[in-house]
**Q** 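The structure follows.
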Amino acid sequence: MTLRLRDVHKSYAGVEVLHGVTLHGEPGEVLAIVGANGAGKSTLIKILSGVAPMSSGTLSWDGDELGLRTPHDAHAHGIRTVHQELSLVPELSVTENLLMGNFPRRLGLIDWPAAHRRAAQLLHEAGFGMIDPRVKAARLSVARQQMVEIAKALVSEPRVLVLDEPSAVLAGADLDALFALIRRLRSRGVLVVYVSHRLAEVLELADRIAVIKDGRVVATTTPGETGEGALIRLMAGRALDRIYPDRRPGPGEPLLRVDGLGRTGEFDGVTLTLRAGEIVGLFGLVGSGRTEFAACVFGATRATTGTAFRSPRHAIRAGVAMVTEDRAGSGLVLGMTVRDNIGLTTWRSTARGPFLDRTRQRASVSAMIERLGIRPDHCAGMPVAHLSGGNQQKVVLAKWLLTGPRVLILDEPTRGVDMATRVDIYRMIDRLARDGLAVLLISSDLTEVLGATDRVLVMRQGRLAGELPSAGATEEQVLERAIA
Amino acid sequence: MTTLAVRIKGRDVTVEIAFTLLIAALIVVAATTSESFLTATNITNLLKQMVTTGLLAFGMLVVILTGGIDLSVGSVVAFAGIVTAGLVHGSGSGLPIPVAMLVGVAGGVAFGAVNGVLVARFGLAPFVVTLASLTTVRGLAFVYSEVPIAPADPGFLTLGSAMIGPFPLITLIMLAVFGIGGVFLARTPPGRSIIAIGGNAETVRLAGIDVRRHLVLAYCISGFCAGLAGIILTSRVGIAQPSVGVAFELDAIAACVIGGASLSGGRGSAKGAFGGVLVLVLINNLLNLYGVQSFWQQVLKGLIIIAVILVQRSRLPRSVAKGRA
Amino acid sequence: MTTLAVRIKGRDVTVEIAFTLLIAALIVVAATTSESFLTATNITNLLKQMVTTGLLAFGMLVVILTGGIDLSVGSVVAFAGIVTAGLVHGSGSGLPIPVAMLVGVAGGVAFGAVNGVLVARFGLAPFVVTLASLTTVRGLAFVYSEVPIAPADPGFLTLGSAMIGPFPLITLIMLAVFGIGGVFLARTPPGRSIIAIGGNAETVRLAGIDVRRHLVLAYCISGFCAGLAGIILTSRVGIAQPSVGVAFELDAIAACVIGGASLSGGRGSAKGAFGGVLVLVLINNLLNLYGVQSFWQQVLKGLIIIAVILVQRSRLPRSVAKGRA
Amino acid sequence: GEDKPGDKDGYTVGVANFLLSGPYFSGMDAAVAAQAKAKGNVKIISTDAGGDAAKLAANVEDLLSRNVDAIIISGGPLESAPAALNAIKAANKPVILVDRKFATGEYTSWIGPDNEAIGKQDGEFLAARVKGKVAIIKGGPADNSIGLARTNGVKSVLGTKADITLIEAPDFGNWGSDGGLTVMEGLLAKHPDLVAVFCENDAMCLGAQRAIAAAGKTGQIVLAGVDGQAEALKAILDGTNYVVTGLNSPNVIGKLALDRTVEVLGGAKVEKDTVVPSPQITKDNASQYL
Ligand SMILES: Nc1ncnc2c1ncn2[C@@H]1O[C@H](COP(=O)(O)OP(=O)(O)OP(=O)(O)O)[C@@H](O)[C@H]1O
Ligand SMILES: Nc1ncnc2c1ncn2[C@@H]1O[C@H](COP(=O)(O)OP(=O)(O)OP(=O)(O)O)[C@@H](O)[C@H]1O
Ligand SMILES: [Mg+2]
Ligand SMILES: [Mg+2]
């Protein structure tokens with residue numbers, strides 16, 4: 001009873017990204033896969049789930065080979081996958097997204113009441129009972145959509161459950177619910193393949209850990225015989241003496257002041273000031289309204305009380321930049337090249353007369369690719385859709401840094417970003433702050449929110465529920481303010 | 001969150017009510033301002049006049065739900081009609097009327113299948129595929145018979161003229177299509193899959209559902225409706241003309257959108273589309289009853305359509321609303 | 001990895017080469033199989049006959065790039081033509097020809113602006129908005145004058161008949177539109193923004209670019225091209241007919257898609273659209289030179305279009321290809 | 001209650017146009033209305049089916065439901081409308097056809113031209129004038145037998161002449177000037193040596209004339225049309241290469257049609273079919289029709 005990948009190769013458009021991966025997993029274990037952005041984790045998983053065919057190699061269960069050609073084949077063999085990118089049908093109800101393809105029927109017709117009951121039960125069993133199965137998926141926050149994605153994989157008890165960065169958008173209680181679920185499944189003999197950049201949770205959860213680097217398995221180990229530092233060294237090929245930079249000296253003059261900002265049904269009476277040279281963390285549970293608050297400040301949505309920028313245009317003119325949490329939805333133009341995506345914000349400001357200044361665009365873009373270490377390093381002309389998740393995130397960041405912002409709002413900027421790169425990002429934010437920028441770092445990652453910032457604001461149900469200096473504050477202190 | 005859901009539900013409901021009120025309003029206005037509106041004859045006319053657009057609109061709706069579009073329906077109407085009439089008329093070799101009609105409808109389904117395969121199997125843009133078949137099928141209709149065909153057999157007019165009690169048979173047929181079709185979309189797995197495909201084809205594929213087969217099915221349904229409309233139209237007019245049906249697709253599409261369907265797929269309902277058909281037919285009927293001069297009718301029709309979808313718009317979430325077809 | 005980019009690039013190039021070869025092939029076939037193809041007269045005809053479709057295709061391309069569509073161009077062609085002719089003809093009160101033509105084009109831009117505002121400001125589906133204006137504007141053309149108008153002044157014919165060396169003036173005008181337009185799309189911020197909007201309007205909006213204004217601009221450009229096509233066609237024919245231009249939009253859209261544009265927006269090029277126009281015009285011209293009978297021409301035209309976009313398809317990534325309009 | 005015609009001072013007459021978007025048809029509609037105005041006691045309700053046969057039936061039904069006393073059908077390219085005619089019969093109202101005589105179905109009276117005769121006229125005129133290649137530009141498919149009749153007329157004359165070869169354009173001019181232009185351009189490319197062109201209506205001829213002028217063959221090719229559209233008459237009068245057309249005046253037909261309708265309503269016994277003469281129009285007599 002073993003799932004075996006033997007000598008798996010995979011090429012996109014003739015370029016090999018997996019160079020002979022050999023890996024196995026046993027029922028009733030949690031196999032974690034870690035690796036830098038672009039290492040090939042998602043690709044491996046696409047192969048496991050029949051989404052993308054392998055170029056060569058074998059995938060076998062219990063000795064006999066599974067020729068997976070479609071996701072359907074994978075399902076047939078009890079292999080269920082939660083992919084990195086959210087993929088619910090927004091217009092349909094949670095119930096329908098969950099049961100798609102196998103509805104309860106009466107007289108050949110779908111029995112909706114029964115369907116809703118079944119969905120509610122599924123969500124409950126998965127530990128996500130707080131979600132109303134009748135709501136349209138589009139109405140759910142990113143985090144809750146992720147929960148639905150996970151519940152989807154449990155419609156029929158899987159033999160193998162593959163999770164590609166499921167925790168990226170989860171925090172607090174939701175994250176605990178997920179871990180509990182994974183442990184339950186393991187105890188029922190399910191093989192759980194778990195991809196994550198959050199090494200702490202990997203070490204806490206996994207039975208075995210496979211480290212992938214540049215399309216090869218460079219090590220398989222167990223939490224017992226390794227630690228974060230060691231893993232990072234394996235992934236990045238370099239040691240990271242420390243993750244978070246030193247605290248910055250006391251802040252300078254105020255750059256952005258928000259006073260009693262509110263938006264009906266989302267957040268209310270939020271007042272804060274961002275000063276030059278400081279990094280302010282904004283923590284909150286999912287659904288607490290941080291994203292909505294940020295969008296409103298930036299002028300992407302209209303405030304109902306208080307004043308913010310009239311439009312993103314005005315915000316940018318005033319030197320404000322915002323990295324949104326939804327990369328595909330509002331961060332990138334997936335059909336366009338990396339160059340166009342990075343240039344988007346500066347086309348007009350750098351134009352020569354009526355024309356784009358192409359030479360200047362080229363120069364600044366390759367400078368950014370260099371500076372942020374976006375891989376592959378010659379990606380400027382590639383469709384951004386062909387980059388790995390983490391590298392796409394860097395492209396978004398690059399786009400905003402080019403506007404030379406004085407205030408930088410980052411909504412979950414390290415979501416899906418590997419440890420080494422996170423460290424780079426923390427360093428970069430730190431450097432920016434030291435150069436006199438004010439940074440608002442929205443994050444659901446407690447350690448990050450305490451480690452990388454000077455002070456932490458906590459949001460609860462759309463209201464600011466407290467402020468703490470990051471130095472010396474404990475995760476418990478932050479959490480208790482975040483939980484109603 | 002429940003409250004939110006309710007609010008959402010509540011919101012949709014308000015729009016549907018608004019839409020129903022709109023139609024009611026149209027009727028009231030008509031009834032009060034034109035003495036001839038509520039006459040038995042006129043009501044019967046309305047019932048008959050909504051049949052062609054109605055049938056085409058339902059077929060179109062199914063395709064639109066997948067995120068596609070079917071521009072070829074007008075040509076298919078002509079083809080099905082002329083072939084059927086030809087087979088009945090066929091000197092001596094004339095088929096029995098029902099058989100001939102079956103063949104006509106089958107032809108419609110066949111063209112639908114071709115469209116569907118080109119879209120699903122080869123991933124071509126539905127707009128262009130059906131634009132091409134609009135041209136080709138129209139050509140074939142003329143190739144089959146350049147001259148109009150009026151079957152001698154008076155029985156050929158039965159389908160188009162028969163009344164069941166106070167209701168024209170053809171109207172009941174159309175209502176049946178909407179009824180059965182509505183259930184198909186709302187209560188059967190293939191129906192739901194078609195809607196889901198319009199929302200996010202990739203997700204449906206990942207759910208292990210055969211997207212291609214469902215796409216083909218959708219276009220076949222549209223072809224079926226067009227074929228049916230073709231034979232009904234022919235039997236109603238009494239003569240089949242290869243040039244009939246030009247631009248029929250436009251009214252069908254308008255009806256769907258007026259009924260709240262989104263041309264990017266995933267949103268729309270049989271109920272809505274039927275409402276859309278009512279609105280269009282009422283507008284035409286009214287403008288005629290008022291004796292509005294033909295060209296002004298066109299001017300007004302366009303403006304009214306805009307006005308109506310402005311009401312509908314409130315249903316779209318902002319994001320969706322952003323300038324996409 | 002280097003190879004990857006090159007290969008991807010290489011891939012695009014291969015398709016473009018294939019496309020260019022296709023056109024070349026068409027020309028060679030034509031030249032070898034029909035003695036009349038390479039005659040000065042026929043070449044001049046080709047150059048003239050591609051003008052209307054060409055102008056409309058470029059305007060359509062810009063709208064398609066935003067993810068929209070403009071069905072109203074055919075009606076706008078008629079409106080611009082009849083109004084211009086009317087103003088010139090105007091008994092006594094006749095305007096100078098250039099002024100009248102300016103007014104005609106301005107009318108086109110105005111209708112474009114209305115379409116654009118309805119799409120951008122009110123978030124209505126472009127298909128339905130322009131479908132409605134197709135109806136309304138056609139109506140207005142007839143309201144302006146039910147009967148054709150033939151301006152007495154022979155100067156009215158100059159624009160349509162003037163030759164610059166061996167080239168018809170109007171062809172040069174169209175080429176200029178493609179040239180300038182191509183640069184606009186490839187090399188200017190608004191041009192790039194229009195393409196980006198088709199890819200992901202929300203991202204563009206958050207990047208501080210005024211999506212609405214760019215959408216309106218796109219529809220104005222389409223209206224401008226339609227207006228220009230209208231006055232050119234009228235000056236070429238010498239008579240303005242309110243009924244002219246029906247279904248012109250279809251050829252324009254076909255040209256864009258044959259040229260590799262995606263109707264869901266974000267992908268397409270002026271070069272490609274121009275190639276599409278060439279293909280369509282060559283097909284028509286060939287079928288005529290061969291004396292293919294009209295209905296068979298229609299049948300073949302549809303089939304050829306399918307064939308051509310099957311070649312184009314290789315350009316689309318699978319995901320995009322999935323059954324969306 | 002259903003009011004008997006005659007026992008009231010005025011009539012309501014419905015006009016069902018198959019399509020108005022053509023100068024000939026809108027002219028017909030206008031002529032009927034004008035004559036009604038002249039008569040004073042006749043109210044006109046005009047409808048347009050926009051080229052949709054079912055909508056024509058629907059419009060006729062609408063008119064009947066508005067209880068008109070009689071219906072005039074301007075069928076345009078529509079070959080017949082049995083269902084519409086049946087409906088009118090069922091409501092036992094008189095129906096007068098203008099221009100288009102329906103192939104099937106019962107009608108009260110028809111007033112229109114003899115299209116084949118017009119074709120013959122043009123043919124004879126050309127035969128007397130030219131030798132060599134003569135092109136024919138058709139408006140549309142033969143499902144519109146009006147055009148067919150005109151072409152047959154021409155063919156019946158020119159087809160028999162040894163010194164004339166007929167060339168039918170492969171595609172249609174769609175009854176419009178722009179269509180006439182493009183079709184003619186195609187013809188000129190393939191047959192530079194044409195000496196004459198016959199078009200199934202004047203609109204196409206006017207376009208064809210432009211193409212010929214652009215090709216610098218005005219001196220070589222003469223044109224013959226049908227209808228008597230104002231621009232054509234002017235071109236003929238000016239002595240251009242547009243040499244002949246046959247009058248098919250919607251004004252005349254429309255006027256007669258309304259008079260005929262009123263006669264019928266008045267209970268008079270009327271002629272079933274009335275062919276309106278279509279005088280040949282050339283440079284010599286063009287002035288009197290302008
Ligand atoms: N469709 C594609 N076409 C071309 N190259 C691709 C495609 N998808 C992925 N790649 C490349 O394959 C490599 C591995 O990508 P993959 O998404 O598996 O990385 P990953 O390990 O999941 O990274 P992340 O942690 O950022 O998600 C990357 O270099 C990426 O650029
Ligand atoms: N399940 C839900 N259903 C409907 N609306 C929700 C739901 N969850 C959140 N919302 C709305 O969205 C707002 C914020 O959601 P969101 O989860 O984006 O906030 P957040 O703090 O940014 O959390 P995260 O960034 O982790 O997603 C909530 O205040 C609420 O109005
Ligand atoms: Mg990944
Ligand atoms: Mg958020």
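Here is how names work: the chains are called A, B, and so on, in the same order as the sequence lines, proteins then strands, and each is numbered from 1.
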**Q** Without swapping roles, check the side chain of S87(A) against the backbone of T203(B) for a donor-acceptor pair under 3.5 Å.
**A**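 No; zero donor-acceptor contacts below 3.5 Å.
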
**Q** More than 12 heavy atoms of other residues, nucleotides or ligands under 6.0 Å from NE2 of H72(A): is that the case?
**A**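 Open: at most 12 neighbouring heavy atoms sit under 6.0 Å from NE2 of H72(A).
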
**Q** Would you mind reporting whether I195(B) and E96(A) have side-chain heavy atoms less than 4.5 Å apart?
**A**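 They are not in contact (no side-chain heavy atoms under 4.5 Å apart), so the answer is no.
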
**Q** Given a strict heavy-atom distance threshold of 4.5 Å, which part of L92(A) is in contact with chain B: side chain, backbone, both, or neither?
**A**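 For L92(A), the side chain is the part near chain B, not the backbone.
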
**Q** Measure the spacing between CZ of R267(B) and NZ of K136(A) and express it to the nearest 0.5 Å.
**A**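 Nearest 0.5 Å value for the CZ-NZ distance: 6.5 Å.
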
**Q** Is H75(A) reaching over with its side chain to a backbone N or O of L206(B), donor-acceptor style, under 3.5 angstrom?
**A**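 Checking the backbone N and O of L206(B) against the side chain of H75(A), a donor-acceptor pair under 3.5 Å is found.
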
**Q** Once side chain to side chain contact (heavy atoms under 4.5 Å, CB included) is applied, do any residues pair with L250(B), and if so which ones, sequence neighbours excluded?
**A**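 Once residues adjacent in sequence are excluded, the partners of L250(B) under the side chain to side chain contact (heavy atoms under 4.5 Å, CB included) criterion are A247(B), L131(C), L134(C).
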
**Q** Among all residues two or more places apart in sequence or in another chain, which pass the side chain to side chain donor-acceptor pair (under 3.5 Å) test with S193(B)?
**A**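 So S193(B) forms no side chain to side chain donor-acceptor pair (under 3.5 Å) with any residue.
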
**Q** Taking heavy atoms only and a threshold strictly under 4.5 Å, list by residue number the residues of residues 98-106 of chain A that touch chain B; give 'none' if the list is empty.
**A**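 Residues of residues 98-106 of chain A touching chain B at under 4.5 Å: M100(A), G101(A), F103(A), R105(A).
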
**Q** Please output the residues of residues 182-192 of chain B in contact with chain A, using a heavy-atom cutoff of under 4.5 Å, in numerical order.
**A**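 Listed by number: V183(B), A186(B), R187(B), T188(B), P189(B), R192(B).
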
**Q** Give the C-alpha distance, both sets of side-chain angles, the deciding distance and a yes or no for side chain to side chain contact (heavy atoms under 4.5 Å, CB included) between T70(A) and R205(B).
**A** CA-CA 9 Å; T70(A) 67; R205(B) 195 175 71 90; 5.8 Å; no

